[in-house]
There are 2 protein chains.
Amino acid sequence: MSEAGPRAERRPTRQRAALTDELAGTAEFRSAQDIHASLSASGTRVGLATVYRNLQAMAADGEVDVIRTTEGEAVYRACASEQHHHHVVCRGCGLTVEVTGDAVERWAEAVARDHGFSQVRHTLEIDGLCAGCGVRDPR
Amino acid sequence: MSEAGPRAERRPTRQRAALTDELAGTAEFRSAQDIHASLSASGTRVGLATVYRNLQAMAADGEVDVIRTTEGEAVYRACASEQHHHHVVCRGCGLTVEVTGDAVERWAEAVARDHGFSQVRHTLEIDGLCAGCGVRDPR
DNA sequence: TGCGCAATGAGAACCGTTGTCAAACGCGCG
DNA sequence: CGCGCGTTTGACAACGGTTCTCATTGCGCA
(Lines give C-alpha, C1' and ligand atoms only; values in the text may rest on other atoms or scores of the structure.)
Protein backbone atom coordinates (compact mmCIF):
# COMPACT_ATOMS: atom_id res chain seq x y z
CA MET A 1 0.00 0.00 0.00
CA SER A 2 2.94 2.29 0.19
CA GLU A 3 1.88 4.88 2.66
CA ALA A 4 3.61 6.70 5.47
CA GLY A 5 6.47 6.35 3.15
CA PRO A 6 9.98 7.21 2.34
CA ARG A 7 10.67 10.43 4.14
CA ALA A 8 12.32 11.66 0.99
CA GLU A 9 14.53 14.37 2.33
CA ARG A 10 12.60 17.53 1.78
CA ARG A 11 14.46 20.74 1.83
CA PRO A 12 13.65 22.86 4.88
CA THR A 13 12.11 26.19 4.02
CA ARG A 14 10.59 29.10 5.80
CA GLN A 15 7.19 28.22 4.42
CA ARG A 16 7.28 24.64 5.53
CA ALA A 17 8.32 25.69 9.00
CA ALA A 18 5.49 28.18 9.22
CA LEU A 19 3.08 25.51 8.14
CA THR A 20 4.36 23.09 10.74
CA ASP A 21 4.08 25.73 13.43
CA GLU A 22 0.58 26.59 12.41
CA LEU A 23 -0.46 22.97 12.57
CA ALA A 24 1.20 22.53 15.93
CA GLY A 25 -0.85 25.42 17.18
CA THR A 26 -4.25 23.79 16.87
CA ALA A 27 -5.72 20.46 17.75
CA GLU A 28 -8.56 20.47 15.26
CA PHE A 29 -8.81 19.49 11.66
CA ARG A 30 -8.51 22.42 9.32
CA SER A 31 -8.81 22.87 5.61
CA ALA A 32 -5.87 23.91 3.51
CA GLN A 33 -7.61 27.15 2.69
CA ASP A 34 -8.24 27.85 6.33
CA ILE A 35 -4.63 27.23 7.22
CA HIS A 36 -3.51 29.42 4.38
CA ALA A 37 -5.79 32.24 5.48
CA SER A 38 -4.56 31.92 9.02
CA LEU A 39 -0.96 32.17 7.93
CA SER A 40 -1.66 35.18 5.78
CA ALA A 41 -3.51 36.83 8.62
CA SER A 42 -0.54 36.43 10.88
CA GLY A 43 1.64 38.13 8.32
CA THR A 44 3.30 35.03 6.97
CA ARG A 45 3.03 35.16 3.24
CA VAL A 46 2.85 31.68 1.79
CA GLY A 47 1.34 30.68 -1.52
CA LEU A 48 -1.82 28.65 -1.47
CA ALA A 49 -0.27 26.13 -3.81
CA THR A 50 2.62 25.72 -1.42
CA VAL A 51 0.27 24.99 1.42
CA TYR A 52 -1.41 22.30 -0.62
CA ARG A 53 1.84 20.82 -1.78
CA ASN A 54 3.35 20.62 1.66
CA LEU A 55 0.22 19.34 3.26
CA GLN A 56 0.11 16.54 0.73
CA ALA A 57 3.75 15.72 1.18
CA MET A 58 3.41 15.69 4.94
CA ALA A 59 0.36 13.53 4.72
CA ALA A 60 2.19 11.08 2.50
CA ASP A 61 4.96 10.90 5.05
CA GLY A 62 2.48 10.35 7.83
CA GLU A 63 3.27 13.62 9.53
CA VAL A 64 -0.30 14.81 9.39
CA ASP A 65 -3.69 13.18 9.29
CA VAL A 66 -6.04 13.87 6.44
CA ILE A 67 -9.69 13.11 6.31
CA ARG A 68 -12.38 14.13 3.88
CA THR A 69 -15.41 15.95 5.14
CA THR A 70 -18.70 14.67 3.85
CA GLU A 71 -18.63 17.58 1.43
CA GLY A 72 -15.44 16.21 -0.01
CA GLU A 73 -13.11 18.84 1.34
CA ALA A 74 -9.80 17.62 2.70
CA VAL A 75 -8.93 18.65 6.22
CA TYR A 76 -5.59 18.24 7.92
CA ARG A 77 -4.23 18.01 11.41
CA ALA A 78 -0.89 17.26 12.99
CA CYS A 79 -0.83 13.72 14.31
CA ALA A 80 -0.92 13.50 18.06
CA SER A 81 0.33 9.98 17.97
CA GLU A 82 2.49 8.19 15.50
CA GLN A 83 0.53 5.00 15.58
CA HIS A 84 -2.54 4.20 13.57
CA HIS A 85 -5.65 5.76 15.05
CA HIS A 86 -9.09 7.08 14.31
CA HIS A 87 -11.04 10.18 15.21
CA VAL A 88 -14.25 11.14 16.89
CA VAL A 89 -15.24 14.54 15.60
CA CYS A 90 -17.96 16.81 16.88
CA ARG A 91 -20.31 17.93 14.14
CA GLY A 92 -21.09 21.01 16.13
CA CYS A 93 -17.78 22.54 17.11
CA GLY A 94 -15.13 20.42 15.47
CA LEU A 95 -13.70 19.10 18.72
CA THR A 96 -11.62 16.07 17.87
CA VAL A 97 -10.53 13.13 19.95
CA GLU A 98 -8.13 10.48 18.79
CA VAL A 99 -8.91 6.92 19.63
CA THR A 100 -7.35 3.59 18.91
CA GLY A 101 -9.13 0.30 18.73
CA ASP A 102 -7.17 -2.81 18.12
CA ALA A 103 -10.37 -4.79 18.05
CA VAL A 104 -11.60 -2.84 15.08
CA GLU A 105 -8.30 -3.04 13.28
CA ARG A 106 -8.31 -6.77 13.61
CA TRP A 107 -11.93 -7.06 12.67
CA ALA A 108 -11.45 -5.10 9.46
CA GLU A 109 -8.42 -7.14 8.58
CA ALA A 110 -10.20 -10.41 9.28
CA VAL A 111 -13.34 -9.51 7.37
CA ALA A 112 -11.36 -8.46 4.36
CA ARG A 113 -9.28 -11.59 4.36
CA ASP A 114 -12.36 -13.73 4.70
CA HIS A 115 -13.38 -12.34 1.36
CA GLY A 116 -10.03 -13.01 -0.18
CA PHE A 117 -8.61 -9.52 0.08
CA SER A 118 -5.00 -8.70 0.83
CA GLN A 119 -3.09 -5.47 1.38
CA VAL A 120 -5.95 -4.32 3.51
CA ARG A 121 -6.38 -0.72 4.56
CA HIS A 122 -9.31 1.05 6.09
CA THR A 123 -10.73 4.38 7.04
CA LEU A 124 -12.99 4.86 9.99
CA GLU A 125 -14.35 8.14 11.17
CA ILE A 126 -16.80 8.64 13.94
CA ASP A 127 -18.74 11.80 14.45
CA GLY A 128 -21.42 12.98 16.78
CA LEU A 129 -22.18 15.84 19.08
CA CYS A 130 -19.84 16.45 21.98
CA ALA A 131 -21.12 16.99 25.48
CA GLY A 132 -21.36 20.72 24.99
CA CYS A 133 -23.03 20.75 21.57
CA GLY A 134 -25.30 17.82 22.23
CA VAL A 135 -27.33 19.75 24.74
CA ARG A 136 -28.67 22.44 22.48
CA ASP A 137 -28.49 21.22 18.91
CA PRO A 138 -30.72 18.10 18.72
CA ARG A 139 -30.29 18.17 14.96
CA MET B 1 -29.58 7.74 14.10
CA SER B 2 -31.73 9.71 11.74
CA GLU B 3 -30.75 8.54 8.33
CA ALA B 4 -32.57 6.78 5.52
CA GLY B 5 -35.24 9.41 5.75
CA PRO B 6 -38.75 10.26 4.76
CA ARG B 7 -39.42 8.67 1.40
CA ALA B 8 -41.06 11.89 0.26
CA GLU B 9 -43.10 10.72 -2.65
CA ARG B 10 -41.08 11.59 -5.68
CA ARG B 11 -42.81 11.75 -8.98
CA PRO B 12 -41.88 8.85 -11.26
CA THR B 13 -40.17 9.95 -14.44
CA ARG B 14 -38.50 8.33 -17.37
CA GLN B 15 -35.16 9.68 -16.23
CA ARG B 16 -35.42 8.37 -12.74
CA ALA B 17 -36.42 4.95 -14.00
CA ALA B 18 -33.47 4.84 -16.36
CA LEU B 19 -31.19 5.77 -13.53
CA THR B 20 -32.58 3.06 -11.30
CA ASP B 21 -32.18 0.50 -14.07
CA GLU B 22 -28.64 1.56 -14.70
CA LEU B 23 -27.78 1.20 -11.05
CA ALA B 24 -29.48 -2.16 -10.85
CA GLY B 25 -27.32 -3.30 -13.71
CA THR B 26 -24.01 -3.09 -11.92
CA ALA B 27 -22.71 -4.14 -8.56
CA GLU B 28 -19.86 -1.67 -8.33
CA PHE B 29 -19.64 1.88 -7.15
CA ARG B 30 -19.77 4.36 -9.97
CA SER B 31 -19.43 8.10 -10.23
CA ALA B 32 -22.31 10.28 -11.27
CA GLN B 33 -20.42 11.25 -14.39
CA ASP B 34 -19.76 7.64 -15.25
CA ILE B 35 -23.41 6.74 -14.85
CA HIS B 36 -24.42 9.70 -16.93
CA ALA B 37 -22.02 8.74 -19.68
CA SER B 38 -23.27 5.20 -19.62
CA LEU B 39 -26.85 6.30 -19.98
CA SER B 40 -26.00 8.61 -22.84
CA ALA B 41 -24.08 5.86 -24.54
CA SER B 42 -27.09 3.58 -24.40
CA GLY B 43 -29.16 6.25 -26.07
CA THR B 44 -30.96 7.45 -22.98
CA ARG B 45 -30.69 11.19 -22.90
CA VAL B 46 -30.65 12.46 -19.34
CA GLY B 47 -29.19 15.71 -18.11
CA LEU B 48 -26.13 15.51 -15.94
CA ALA B 49 -27.76 17.75 -13.35
CA THR B 50 -30.67 15.36 -13.21
CA VAL B 51 -28.38 12.46 -12.52
CA TYR B 52 -26.79 14.34 -9.66
CA ARG B 53 -30.11 15.45 -8.26
CA ASN B 54 -31.66 12.01 -8.32
CA LEU B 55 -28.59 10.32 -6.98
CA GLN B 56 -28.60 12.70 -4.05
CA ALA B 57 -32.27 12.22 -3.42
CA MET B 58 -31.96 8.48 -3.57
CA ALA B 59 -29.00 8.57 -1.27
CA ALA B 60 -30.94 10.68 1.19
CA ASP B 61 -33.72 8.13 1.14
CA GLY B 62 -31.28 5.33 1.65
CA GLU B 63 -31.93 3.77 -1.74
CA VAL B 64 -28.30 3.97 -2.75
CA ASP B 65 -24.99 3.99 -0.96
CA VAL B 66 -22.60 6.85 -1.42
CA ILE B 67 -18.97 6.88 -0.49
CA ARG B 68 -16.21 9.31 -1.28
CA THR B 69 -13.15 8.10 -3.06
CA THR B 70 -9.85 9.25 -1.63
CA GLU B 71 -9.80 11.83 -4.41
CA GLY B 72 -13.00 13.26 -3.04
CA GLU B 73 -15.27 12.09 -5.82
CA ALA B 74 -18.65 10.72 -4.79
CA VAL B 75 -19.50 7.25 -6.05
CA TYR B 76 -22.87 5.57 -5.86
CA ARG B 77 -24.27 2.09 -5.84
CA ALA B 78 -27.65 0.50 -5.31
CA CYS B 79 -27.88 -0.94 -1.82
CA ALA B 80 -27.86 -4.69 -1.69
CA SER B 81 -29.25 -4.67 1.78
CA GLU B 82 -31.44 -2.22 3.55
CA GLN B 83 -29.64 -2.41 6.83
CA HIS B 84 -26.59 -0.49 7.85
CA HIS B 85 -23.46 -1.97 6.38
CA HIS B 86 -19.95 -1.27 5.20
CA HIS B 87 -17.90 -2.12 2.16
CA VAL B 88 -14.73 -3.85 1.24
CA VAL B 89 -13.57 -2.46 -2.06
CA CYS B 90 -10.84 -3.77 -4.31
CA ARG B 91 -8.36 -1.06 -5.25
CA GLY B 92 -7.53 -2.95 -8.36
CA CYS B 93 -10.81 -3.77 -10.03
CA GLY B 94 -13.48 -2.12 -7.94
CA LEU B 95 -15.05 -5.36 -6.80
CA THR B 96 -17.19 -4.56 -3.80
CA VAL B 97 -18.45 -6.72 -0.99
CA GLU B 98 -20.89 -5.58 1.62
CA VAL B 99 -20.27 -6.57 5.18
CA THR B 100 -21.91 -5.92 8.48
CA GLY B 101 -20.25 -5.93 11.83
CA ASP B 102 -22.28 -5.42 14.91
CA ALA B 103 -19.16 -5.52 16.98
CA VAL B 104 -17.79 -2.50 15.19
CA GLU B 105 -21.04 -0.61 15.37
CA ARG B 106 -21.15 -1.10 19.08
CA TRP B 107 -17.51 -0.28 19.53
CA ALA B 108 -17.84 3.01 17.69
CA GLU B 109 -20.90 3.90 19.68
CA ALA B 110 -19.25 3.02 22.96
CA VAL B 111 -16.03 4.84 22.26
CA ALA B 112 -17.87 7.99 21.26
CA ARG B 113 -20.05 7.93 24.33
CA ASP B 114 -17.05 7.40 26.53
CA HIS B 115 -15.89 10.77 25.31
CA GLY B 116 -19.22 12.39 25.94
CA PHE B 117 -20.53 12.31 22.39
CA SER B 118 -24.12 11.71 21.44
CA GLN B 119 -25.93 11.34 18.11
CA VAL B 120 -23.10 9.16 16.96
CA ARG B 121 -22.62 8.24 13.36
CA HIS B 122 -19.67 6.69 11.61
CA THR B 123 -18.17 5.83 8.31
CA LEU B 124 -16.00 2.82 7.77
CA GLU B 125 -14.56 1.73 4.49
CA ILE B 126 -12.17 -1.10 3.95
CA ASP B 127 -10.14 -1.56 0.82
CA GLY B 128 -7.51 -3.93 -0.36
CA LEU B 129 -6.72 -6.15 -3.29
CA CYS B 130 -9.13 -8.93 -4.07
CA ALA B 131 -7.98 -12.45 -4.71
CA GLY B 132 -7.62 -11.82 -8.41
CA CYS B 133 -5.82 -8.50 -8.26
CA GLY B 134 -3.65 -9.33 -5.27
CA VAL B 135 -1.68 -11.88 -7.22
CA ARG B 136 -0.18 -9.65 -9.82
CA ASP B 137 -0.25 -6.09 -8.59
CA PRO B 138 1.81 -6.03 -5.38
CA ARG B 139 1.67 -2.26 -5.54
C1' DT C 1 30.95 32.63 -3.69
C1' DG C 2 28.83 30.26 -7.53
C1' DC C 3 25.78 26.46 -9.30
C1' DG C 4 22.17 23.36 -9.85
C1' DC C 5 18.02 21.95 -8.68
C1' DA C 6 14.17 21.65 -5.44
C1' DA C 7 10.69 24.78 -3.67
C1' DT C 8 7.85 28.68 -4.20
C1' DG C 9 4.22 31.98 -5.85
C1' DA C 10 0.65 33.96 -8.81
C1' DG C 11 -2.69 32.90 -11.50
C1' DA C 12 -4.76 30.04 -14.92
C1' DA C 13 -6.68 25.67 -15.59
C1' DC C 14 -9.32 21.69 -14.00
C1' DC C 15 -13.09 19.08 -12.59
C1' DG C 16 -16.74 17.52 -9.92
C1' DT C 17 -20.79 19.45 -8.29
C1' DT C 18 -24.45 22.83 -7.62
C1' DG C 19 -27.37 26.71 -8.99
C1' DT C 20 -30.44 29.10 -12.45
C1' DC C 21 -34.46 29.46 -15.01
C1' DA C 22 -37.35 28.60 -18.78
C1' DA C 23 -39.51 24.62 -20.92
C1' DA C 24 -41.50 19.89 -20.48
C1' DC C 25 -44.19 16.68 -18.20
C1' DG C 26 -47.02 13.86 -14.66
C1' DC C 27 -51.12 14.16 -12.17
C1' DG C 28 -55.54 15.14 -10.32
C1' DC C 29 -59.63 17.64 -11.51
C1' DG C 30 -63.51 19.20 -13.92
C1' DC D 1 -60.51 14.02 -22.45
C1' DG D 2 -58.49 18.51 -21.97
C1' DC D 3 -56.59 21.91 -18.46
C1' DG D 4 -53.79 23.96 -15.03
C1' DC D 5 -50.47 23.55 -11.48
C1' DG D 6 -46.51 22.29 -9.45
C1' DT D 7 -42.63 19.14 -9.91
C1' DT D 8 -38.82 17.76 -12.66
C1' DT D 9 -35.88 18.35 -16.30
C1' DG D 10 -32.04 20.16 -19.22
C1' DA D 11 -28.55 23.30 -20.95
C1' DC D 12 -25.30 25.96 -19.27
C1' DA D 13 -23.28 29.23 -16.16
C1' DA D 14 -21.25 29.53 -11.80
C1' DC D 15 -18.66 27.68 -7.91
C1' DG D 16 -15.16 25.99 -4.86
C1' DG D 17 -11.50 23.16 -3.90
C1' DT D 18 -7.39 21.45 -5.80
C1' DT D 19 -3.79 20.99 -9.24
C1' DC D 20 -0.83 22.65 -12.90
C1' DT D 21 2.38 25.90 -15.21
C1' DC D 22 6.36 28.29 -15.39
C1' DA D 23 9.29 31.96 -14.26
C1' DT D 24 11.63 33.20 -9.98
C1' DT D 25 13.72 32.33 -5.45
C1' DG D 26 16.78 30.38 -2.28
C1' DC D 27 18.92 25.85 -0.03
C1' DG D 28 22.91 22.98 0.17
C1' DC D 29 27.14 21.88 -1.36
C1' DA D 30 31.64 22.35 -3.57
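Hydrogens, waters and symmetry mates play no part in the numbers below; they use all other heavy atoms, side chains included. Chain identifiers are assigned alphabetically (A, B, ...) following the order of the sequence lines, protein sequences preceding nucleic acid strands; residue numbering begins at 1 within each chain.
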Can you find a heavy atom in the side chain of [X] that is under 4.5 Å from one in the side chain of [Y]?
X	Y	answer
Asn54(B)	Tyr76(B)	no
Leu23(A)	Leu55(A)	yes
His115(B)	Val111(B)	yes

I need the [atom1]-[atom2] distance between [X] and [N], as an integer number of Å.
X	N	atom1	atom2	result
Tyr52(A)	dA13(C)	OH	C1'	14 Å
Ile35(B)	dT17(C)	CD1	P	10 Å
Glu71(A)	dT17(C)	CD	P	13 Å

**OP:** Would you please name every residue forming a side-chain hydrogen bond (donor to acceptor under 3.5 Å, both in side chains) with Arg113(B), sequence neighbours left out?
**Re:** Glu109(B)
Subject >> Residues in side-chain hydrogen bond (donor to acceptor under 3.5 Å, both in side chains) contact with Glu22(A), at least two apart in sequence or another chain >> reply: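 So Glu22(A) forms a side-chain hydrogen bond (donor to acceptor under 3.5 Å, both in side chains) with Arg30(A), Ser38(A).
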Any N/O pairs under 3.5 Å between the protein and nucleotides 5-10 of chain C? List them or say none.
unit_1	atom_1	unit_2	atom_2	d
dA6(C)	O4'	Arg11(A)	NH2	3.1
dT8(C)	OP1	Thr13(A)	OG1	2.8
dT8(C)	O3'	Gln15(A)	NE2	2.8
dG9(C)	OP1	Gln15(A)	NE2	2.9
dG9(C)	OP1	Arg45(A)	O	3.4
dG9(C)	OP2	Gly47(A)	N	2.8
dG9(C)	OP2	Thr50(A)	OG1	2.7
dG9(C)	N7	Arg53(A)	NH2	2.9
dG9(C)	O6	Arg53(A)	NH1	3.4
dA10(C)	OP1	Arg45(A)	NH2	2.4

Subject >> 5' precedence on DNA chain C between Gln33(B) and Pro12(B) (nearest-nucleotide basis) >> reply: Gln33(B)
**OP:** Report the end-to-end axis angle of the helix from dT1(C)-dA30(D) to dG30(C)-dC1(D); each axis comes from five terminal pairs, and the value is rounded to 10°.
**Re:**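 About 30° separates the two local helix axes.
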**OP:** Check whether Val89(A) and Val120(B) end up in the same hydrophobic cluster, where Ile, Leu, Val, Met, Phe, Trp and Tyr are linked by side-chain heavy atoms less than 4.5 Å apart.
**Re:** no
**OP:** Answer yes if Val75(A) and Leu39(A) sit in the same cluster of Ile, Leu, Val, Met, Phe, Trp and Tyr residues linked by side chain heavy atoms under 4.5 Å apart, and no otherwise.
**Re:** no
Original post:
Hey, are Thr123(B) and Glu125(A) close enough side-chain-wise for a donor-acceptor pair under 3.5 Å?
Top reply: no
Subject >> Summary of ring pair (Phe, Tyr, Trp, His ring centres under 6.0 Å) pairs that have at least one residue in residues 11-51 of chain A, sequence neighbours excluded >> reply: Phe29(A)-His87(A)
Subject >> Leading and trailing nucleotides of DNA chain D with any atom under 4.0 Å from heavy atoms of chain B >> reply: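 First-to-last contact on DNA chain D, by the 4.0 Å heavy-atom rule, is dG6(D) to dA11(D).
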Original post:
Which class fits the ring pair His86(B) and His122(B): parallel under 30°, tilted 30 to 60°, perpendicular over 60°?
Top reply: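 His86(B) vs His122(B) ring planes: tilted.
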